Each structure stands twice: as structure tokens, then as C-alpha cells.
Amino acid sequence: MSGIPMHDILIREATPADAAAATTVFETAFAPLRSIYRPTGAALARQAERVQAGTRIVAELDGTIVATVQYDLHADHIHVIGLAVHPEFQRKGIARHLLDWICIQAKNLGQPAVVLDTIRETGNVPLFETLGFRITHEETATWCVSETYPELHDVKLERLA
């Protein structure tokens, strides 16, 4: 698949009017992963709290929201949460554009790094490595359960801004 030129994608902070479309993109993108891992009730409650605290951005293509991600500002990094690209638009460079946008924000805010977490068993670690992230920590994931794997691994990755 070829990438989508940056000038064709509008990346912006989400507005309240974007909530339904962003939720649909998130749920559609994560649906295939739910057989690999599913957050526990406590993890879902924490995620709901984080939604109120972080900044959500969306990627639009021809006026349609095709991707979304949230980030939180911490003392020494920006933490990326819930990167979701609608399946029809995956593998076209949209995730790269979103992460590059967040890295620019980190640099502008004086943050040295962008950090994200993923479950190793999803196969996403190599994808994030090709986007400039490196593994900084890995541990057994206790915040989620799996129908497929007896144990899951939470991988923390970092990209310098």
C-alpha cells in the first residue's frame, strides 16, 4: 500500500462533535485485537478517567475521521494512548502522521520523549519500531486478559522527540 500524502490528511485536536466518530474508529480498529486481549473492568474504569484528562486528536481524510489517538502530558514525556486507525485506512502512513504530529508537540512543549505501551502479542511492536520507537521495558500485563494466550506482555516503547 502506498502512503497518503500529509497534505491530504488533516490532523487536529478533537472537538466534542467528534466524539461519536472517534469512538466508532477506536472500536472498529480495536475489535480484531479483542480476541488477543481484553482490558479488565478496573482497567476500563482507569481508561474512562484518562479520556477526561488527556488531549484527543483525530486524522481526517476528505472530511471523514479515519484515525484517533489521545496523549497525556507528563513531567518528562508525552504518553500516547489508544492509537486507532480505521481498518480501511491502515498501512497507509496515517499512524506515522499522527505520531509525528505528537512528537512535534512534544518538542514544542520541551518534552524529550514520546512514550506508548502495546501488548506484544498483537504484533504491533515491530510496527512501532519502524516508526522510530525503541523498547524500554517489558513485563507481564496484569491489566488485561486473553482468550488466546496464557500470558500477555505489556511493552513500553519510547521515541525521542
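A quick note: this is a predicted structure, and the numbers were derived from the prediction, not measured.
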For [X] versus [Y], what's the shortest heavy-atom pair and its separation?
{"X": "Q111", "Y": "D76", "value": "OE1-C, 3.0 Å"}
{"X": "T148", "Y": "S35", "value": "OG1-O, 2.6 Å"}
{"X": "I57", "Y": "I11", "value": "CD1-CG2, 4.1 Å"}
{"X": "A43", "Y": "W143", "value": "CB-O, 3.4 Å"}
{"X": "H74", "Y": "D72", "value": "CD2-O, 3.5 Å"}

Are [X] and [Y] connected, step by step, through hydrophobic side chains (Ile, Leu, Val, Met, Phe, Trp, Tyr) whose heavy atoms are closer than 4.5 Å?
{"X": "V58", "Y": "L99", "result": "no"}
{"X": "F133", "Y": "V80", "result": "yes"}
{"X": "L73", "Y": "W101", "result": "yes"}
{"X": "L152", "Y": "F30", "result": "yes"}
{"X": "F26", "Y": "I94", "result": "no"}

[Y] side chain reached by [X] side chain, heavy atoms, under 4.5 Å:
{"X": "C103", "Y": "R159", "result": "yes"}
{"X": "E88", "Y": "V66", "result": "no"}
{"X": "D117", "Y": "H137", "result": "no"}
{"X": "I135", "Y": "E129", "result": "yes"}
{"X": "R120", "Y": "E138", "result": "yes"}
{"X": "L83", "Y": "F128", "result": "yes"}
{"X": "K107", "Y": "V114", "result": "no"}

Interatomic distance, [X] atom [atom1] to [Y] atom [atom2] [nearest 0.5 angstrom]:
{"X": "E13", "Y": "Y71", "atom1": "CD", "atom2": "OH", "value": "5.0 Å"}
{"X": "I119", "Y": "Y149", "atom1": "CD1", "atom2": "OH", "value": "11.5 Å"}
{"X": "S146", "Y": "L33", "atom1": "OG", "atom2": "CG", "value": "11.0 Å"}
{"X": "H153", "Y": "E121", "atom1": "NE2", "atom2": "CD", "value": "5.5 Å"}
{"X": "H77", "Y": "L109", "atom1": "NE2", "atom2": "CG", "value": "13.0 Å"}
{"X": "R96", "Y": "I9", "atom1": "CZ", "atom2": "CD1", "value": "11.5 Å"}

I'd like to know if the side chain of [X] reaches the main chain of [Y], judged simply by a donor and an acceptor atom lying under 3.5 Å from each other, with no hydrogens or angles considered.
{"X": "Q90", "Y": "V85", "result": "yes"}
{"X": "T118", "Y": "V125", "result": "no"}
{"X": "E139", "Y": "D154", "result": "no"}

request  = Check the pair D18 / R56 against salt bridge (Lys or Arg N to Asp or Glu O under 4.0 Å), numbers first and verdict last.
outcome  = CA-CA 10 Å; D18 298 325; R56 175 159 305 282; over 6 Å; no
